[in-house]
Amino acid sequence: MRKSMLVFLMLAILLVSAAGCAPKAEAPQAEKVVYLINGALGDKSFYDSGKEGIDQIAAEYGVETRTIECNFDAGQYEPSLQAAVNYADVIFVISYGYEDQLKEYADKYPDKIFVNLDTVVQNEKNTITSVDFIEEESAYLTGVVAALTTLDTSIPNVNADKIIGAVGGDVDPVIQAFVFAYTNGAQSIDPDIKVETKYLGSWDDTAKGKQAALQLYDMKADVVFQIAAAAGIGVLQAAGERGLYAIGVDTNQNDIVPGHVVASDIKNVGQAIIDVFKTIKDGTYQPGQVLEYGLATGGVDVDFTAQQQVLPQGTIDQVNAIRQQIIDGTLVVERYTGE
């Protein structure tokens with residue numbers, strides 16, 4: 001009996017010791033990070049917002065980072081993906097135009113962390129995490145801003161016509177979602193407001209952006225929403241040239257042409273990068289998720305902060321009240337479905 005008990009105790013000690021030596025689950029390696037974009041930095045908008053997030057995680061975590069710019073050159077997409085996987089543990093990617101190649105690389109390199117920004121891309125192995133911004137919420141508010149601006153003839157140079165405009169870089173689901181919600185927001189204030197839209201077929205041709213905006217101002221639009229990345233800087237310039245008004249996008253662009261950018265529709269790409277990378281480092285990251293960023297999470301917003309405020313405080317207060325309704329869920333903004 002004593003011998004049996006001794007053997008039992010020895011086995012128990014061995015089992016405990018073995019358990020103590022078992023390897024612990026660890027967070028994935030994340031010491032090298034790539035920011036891979038289809039376009040180019042310098043847009044003071046979408047791509048630059050993401051770069052701010054990359055710079056912050058480099059400073060906070062001491063990781064090595066690289067940015068790979070494809071400059072809208074389709075021939076660079078696959079080589080850039082290969083360069084990214086050769087270098088990085090984590091790849092934050094804006095994959096417009098090469099979604100299929102991204103799926104192939106994610107399946108081929110399952111040990112790499114791919115985080116796709118601004119659209120939903122799902123591969124067979126379900127390893128790509130997508131950050132999906134609810135741009136309809138902020139664009140709806142932007143439409144409210146434009147409507148209240150065009151209806152207020154006390155604002156210098158605003159005419160009596162109920163016309164607003166939008167300039168998109170190209171026709172794609174994200175830009176269509178912006179325009180859809182922008183229109184809905186404006187017409188929630190006054191159903192008679194007309195929205196005129198032009199598409200450039202370019203994300204970096206500032207001259208095209210300016211020309212399109214000037215055409216919209218000639219059509220009696222008082223305010224034009226730019227949704228065209230770097231090309232949209234031309235829209236802001238046209239507003240200043242005509243003494244009229246524009247709305248910025250993705251980052252706060254209100255001071256680029258002071259006194260003529262009434263607000264900016266914010267898409268906080270940089271903050272999303274910071275948030276996701278934090279989960280990678282603390283071990284809570286789960287691949288294959290679709291993460292939605294709306295007003296309530298600070299992923300999108302409307303910003304009036306400016307050196308030279310254009311709109312009356314009453315207008316800003318009215319927009320902020322609607323903003324709070326969306327956050328509280330008492331106002332549900334319709335999502336764009338492509339139909």
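Numbers here are sequence positions counted from 1. The analysis underlying the following values was restricted to heavy atoms, covering all of them including side chains, and did not include hydrogens, waters or symmetry mates.
Hydrophobic cluster membership is shared by Val34 and Ile128, with clusters built from Ile, Leu, Val, Met, Phe, Trp and Tyr side chains linked at under 4.5 angstrom. Hydrophobic clustering (ILVMFWY, side-chain heavy atoms < 4.5 Å, transitive): Val131 and Ile274 are in one cluster. Hydrophobic clustering places Leu148 together with Val195 (ILVMFWY residues linked when any side-chain heavy atoms are closer than 4.5 Å, directly or through intermediates). Leu291 and Leu102 fall into different hydrophobic clusters, defined by Ile, Leu, Val, Met, Phe, Trp and Tyr side-chain heavy atoms under 4.5 Å apart, directly or through other members. Cluster annotation: Val319 and Val261 are assigned to distinct hydrophobic clusters (Ile/Leu/Val/Met/Phe/Trp/Tyr, side-chain heavy-atom contacts under 4.5 Å, transitive).
With sequence neighbours left out, Asp190 forms a side chain to side chain contact (heavy atoms under 4.5 Å, CB included) with Leu151, Lys162, Asp192, Ile193. Legend: residues meeting side chain to side chain contact (heavy atoms under 4.5 Å, CB included) with Asp301, ordered by chain and number and at least two apart, are Ile266, Leu295, Arg323. Residues forming a side chain to side chain contact (heavy atoms under 4.5 Å, CB included) with Asn71 (at least two apart in sequence, or on another chain): Ala40, Glu69.
Aromatic ring pairs are classed by plane angle as parallel below 30°, tilted from 30° to 60° and perpendicular above 60°; the pair Phe46 and Tyr96 is tilted. Aromatic ring pairs are classed by plane angle as parallel below 30°, tilted from 30° to 60° and perpendicular above 60°; the pair Tyr182 and Phe225 is tilted. Relative orientation of the Tyr336 and Phe180 rings is tilted, given thresholds of 30° and 60° on the angle between their planes.
Of all non-hydrogen atoms in Tyr109 and Phe114, the two that sit nearest each other are O-CE1, 3.9 Å. The minimum heavy-atom distance linking Ala272 with Phe133 is given by the pair CB-CZ, 3.9 Å. Nearest heavy atoms, Leu36 versus Ala84: CD2-CB, 4.4 Å. For Ser80 against Gln76, the heavy-atom pair with the smallest separation is OG-O, 2.6 Å. Taking all atoms of both residues into account, the shortest heavy-atom contact from Leu236 to Val257 is O-CG2, 3.5 Å.
With a 6.0 Å radius and a threshold of 12 heavy atoms from other residues, nucleotides or ligands, Lys278 has its NZ atom at or below the threshold. Under a cut-off of 6.0 angstrom, the local environment of NZ in Lys112 is crowded, with over 12 non-hydrogen atoms contributed by other residues, nucleotides or ligands. In the displayed structure, Glu124 atom CD is contacted under 6.0 Å by at most 12 heavy atoms of other residues, nucleotides or ligands.
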ask   = How far apart are the C-alpha atoms of Gln176 and Tyr199, what are their side-chain angles, what is the distance that settles it, and do they pass the side-chain hydrogen bond (donor to acceptor under 3.5 Å, both in side chains) test?
value = CA-CA 10 Å; Gln176 293 294 84; Tyr199 298 96; 2.7 Å; yes
inquiry  = I'd like to know whether Asp303 forms a side-chain hydrogen bond (donor to acceptor under 3.5 Å, both in side chains) with Ser264, so could you lay out the CA-CA distance, the side-chain angles of the two residues, the decisive distance to 0.1 Å, and finally the verdict.
reply    = CA-CA 5 Å; Asp303 196 339; Ser264 288; over 6 Å; no
request  = Assess whether side-chain contact (heavy atoms from CB on, under 4.5 Å) is satisfied between His260 and Val310, documenting all intermediate values.
outcome  = CA-CA 7 Å; His260 296 281; Val310 179; over 6 Å; no
query = Does the pair Leu214 and Glu241 meet the rule for a side-chain contact (heavy atoms from CB on, under 4.5 Å), with working shown?
reply = CA-CA 9 Å; Leu214 290 173; Glu241 186 175 300; 4.1 Å; yes
task = Walk me through it: do Gln122 and Val290 pass the test side-chain contact (heavy atoms from CB on, under 4.5 Å)?
result = CA-CA 9 Å; Gln122 294 174 307; Val290 176; 4.1 Å; yes
Worked verdict on Phe304 versus Thr315 for side-chain contact (heavy atoms from CB on, under 4.5 Å) = CA-CA 11 Å; Phe304 295 100; Thr315 295; 5.9 Å; no
query = What do the steps show when you test Asn157 against Tyr245 for side-chain hydrogen bond (donor to acceptor under 3.5 Å, both in side chains), and what is the final call?
reply = CA-CA 9 Å; Asn157 299 329; Tyr245 305 100; 5.2 Å; no
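Side chain of Asp255 to main chain of Gln307: a donor-acceptor pair is present (N/O by atom type, distance under 3.5 Å, no hydrogens or angles). Judged by distance alone, with hydrogens and angles left aside, the side-chain atoms of Asn159 form a donor-acceptor pair with the main-chain N or O of Lys220 at under 3.5 Å.
No side-chain donor from either of Gln324 and Asn320 sits under 3.5 Å from a side-chain acceptor of the other. In this structure, a donor-acceptor pair under 3.5 Å is absent between the side chains of Ser130 and Asp132. Under 3.5 Å, the side chains of Asp265 and Thr142 contain a donor-acceptor pair of N or O atoms. Neither side chain, Tyr140 nor Glu334, offers a donor N or O lying under 3.5 Å from an acceptor on the other. Of the N and O atoms on the side chains of Tyr47 and Asp250, not one donor lies less than 3.5 Å from an acceptor on the other residue. Side-chain contact annotation: Glu104 with Tyr98, donor-acceptor N/O pair under 3.5 Å absent.
If you take OH on Tyr61 and CD on Gln56, they are separated by 9.0 Å, rounding to the nearest 0.5 Å.
Tyr285 is listed as a side-chain neighbour of Thr129, based on a closest heavy-atom distance under 4.5 Å. Considering only heavy atoms from C-beta on, Val85 stays 4.5 Å or farther from Lys108 through its side chain.
A salt bridge links Lys51 with Asp55: the distance from a Lys NZ or Arg NE/NH1/NH2 to an Asp or Glu carboxylate oxygen falls below 4.0 Å. A salt bridge links Glu31 to Lys281: at least one charged side-chain nitrogen sits closer than 4.0 Å to a carboxylate oxygen.
Among Val115, Asn116, Thr67, Thr65, the single residue meeting the side chain to side chain contact (heavy atoms under 4.5 Å, CB included) criterion with Phe92 is Val115.
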